[in-house]
Amino acid sequence: MSVIDLGKDSENLYKAQSGDEKSLEELFREASPLVEIIASKYINSPLEKEDLMQEGMIGLFRAIESYDESKGARFKTYAERCIDNAMKDAVKGATRRKDVPAESVVEYKEEAFTDSEDSAEEIYLHKERIERLFSAMEQKLSDLEKQVLSQYILGFGYSEIAKALNKDEKSVDNALQRIKRKLGDDI
């Protein structure tokens, strides 16, 4: 059984709600791909993907504890919402602590690429380039560089970025120059 099928076969869910550890572990194992998919939406998050996944698993645990079939929602839908809300709350909390505006976190949405008039091949190639760029950003950029880039993409000027990150403008300029060097081939 996968998370997708939880609404159809809910024996593990009922057992987990009753305190059966084995069923709870089974639900966690089955849901981990879903949690990973939801965590991958949060690019430029101040949290590492593993931290987001942990928050998502906490959201899943809360969903298991509080799910009530009589409310009419499928468990999968309810669990997805709980997982996503837990991650959003964690990102908001982290941005408050780091004095980075929550708006600087970009949520990746697949649908953004399907509304264009491009051919399927062009859409696929575009998505592939974006995925390569995000991967390069994740691997090559420091936390400061990620924060500077997200602010810069949102249209903030050097002085605004410097103030938000508690850095001087020269540090922001240096970070942007490093970003250009590091990502030059990937852009």
Side-chain angles (χ1 to χ4, degrees), residues 28 31-63 79-118 122-187:
F28 281 148
S32 64
L34 175 65
V35 173
E36 187 170 356
I37 288 168
I38 295 172
S40 66
K41 293 188 327 182
Y42 295 95
I43 29 187
N44 294 336
S45 168
L47 298 175
E48 299 289 326
K49 188 173 182 180
E50 292 79 22
D51 294 333
L52 283 168
M53 288 183 61
Q54 185 176 15
E55 292 294 331
M57 291 305 240
I58 292 169
L60 174 64
F61 182 74
R62 289 183 187 141
E80 284 178 358
R81 182 61 30 222
C82 289
I83 291 166
D84 193 47
N85 285 342
M87 289 182 194
K88 282 180 183 174
D89 289 345
V91 168
K92 286 179 185 175
T95 55
R96 265 184 254 129
R97 286 191 304 272
K98 293 189 177 188
D99 199 27
V100 176
E103 298 82 39
S104 69
V105 177
V106 180
E107 187 174 328
Y108 175 74
K109 294 191 179 199
E110 287 281 330
E111 302 86 43
F113 301 111
T114 59
D115 293 338
S116 70
E117 305 233 349
D118 295 334
E122 290 171 327
I123 292 170
Y124 175 80
L125 292 173
H126 182 67
K127 285 170 68 175
E128 195 173 88
R129 280 192 299 270
I130 288 174
E131 287 171 6
R132 271 197 326 265
L133 178 59
F134 288 140
S135 175
M137 287 168 50
E138 211 40 55
Q139 293 171 4
K140 296 179 181 180
L141 299 183
S142 69
D143 288 340
L144 173 65
E145 291 165 345
K146 289 175 193 173
Q147 292 172 348
V148 168
L149 181 59
S150 65
Q151 297 281 318
Y152 186 75
I153 289 172
L154 290 170
F156 292 105
Y158 282 37
S159 60
E160 294 168 307
I161 297 170
K163 185 177 179 182
L165 300 178
N166 200 22
K167 301 287 180 187
D168 57 50
E169 288 184 41
K170 185 62 180 165
S171 296
V172 171
D173 181 55
N174 289 342
L176 285 169
Q177 297 308 316
R178 286 192 307 274
I179 292 166
K180 288 176 187 175
R181 274 195 316 274
K182 290 179 178 181
L183 298 181
D185 294 337
D186 299 302
I187 297 176

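Here the structure is a predicted model, which is why all the values come from computation and not from measurement.
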_Reported CD-to-CG distance for the pair Gln139 and Leu141, which is rounded to 0.5 angstrom_ = 10.0 Å
*Report the distance from atom OG of Ser45 to atom NZ of Lys92, rounding to the nearest 0.5 Å.*
13.0 Å
*Answer whether the closest heavy-atom distance between the side chains of Glu48 and Asp143 falls below 4.5 Å.*
yes
*Could you tell me the separation between the OG atom of Ser171 and the CG atom of Leu144, rounded to the nearest 0.5 Å?*
7.5 Å
*Which atom pair, heavy atoms only, marks the closest approach of Met53 to Ala39?*
CG-CB, 3.8 Å
*Can you name the nearest heavy-atom pair linking Cys82 to Gly59, along with the distance?*
CB-O, 3.5 Å
*When rounded to the nearest 0.5 angstrom, what is the spacing between CG in Asn85 and CZ in Arg62?*
10.0 Å
*At their closest point, which heavy atom of Phe28 faces which heavy atom of Leu60, and how far apart are they?*
CD2-CD2, 3.3 Å
*Looking only at non-hydrogen atoms, find the nearest pair between Ser159 and Glu169 and report the distance.*
CB-OE2, 3.3 Å
*Any side-chain heavy-atom pair from Val148 and Arg178 closer than 4.5 angstrom?*
no
*asked:* For Leu52, run the side-chain contact (heavy atoms from CB on, under 4.5 Å) check against Val35, Ile38, Val91, Ile83 and tell me which one passes.
replied: Val91
*asked:* I'd like to know if Asp84 pairs up with Arg81 as an ion pair, taking the criterion as any Lys NZ or Arg NE/NH1/NH2 lying under 4.0 Å from an Asp or Glu carboxylate oxygen.
replied: yes
*How close do Gly56 and Met87 get, heavy atom to heavy atom, and via which atoms?*
CA-CE, 3.7 Å
*asked:* Within this structure, what is the NZ-CD1 distance for the pair Lys146 and Ile179, rounded to the nearest 0.5 Å?
replied: 11.0 Å
_Distance in Å, Tyr158 OH paired with Lys170 NZ, rounded so as to fall on 0.5 Å steps_ = 9.0 Å
*Going by heavy atoms in the side chains, are Met57 and Ser32 under 4.5 Å from each other?*
yes
*asked:* Within the 4.5 Å heavy-atom criterion, are Gln177 and Asp173 side-chain neighbours or not?
replied: yes
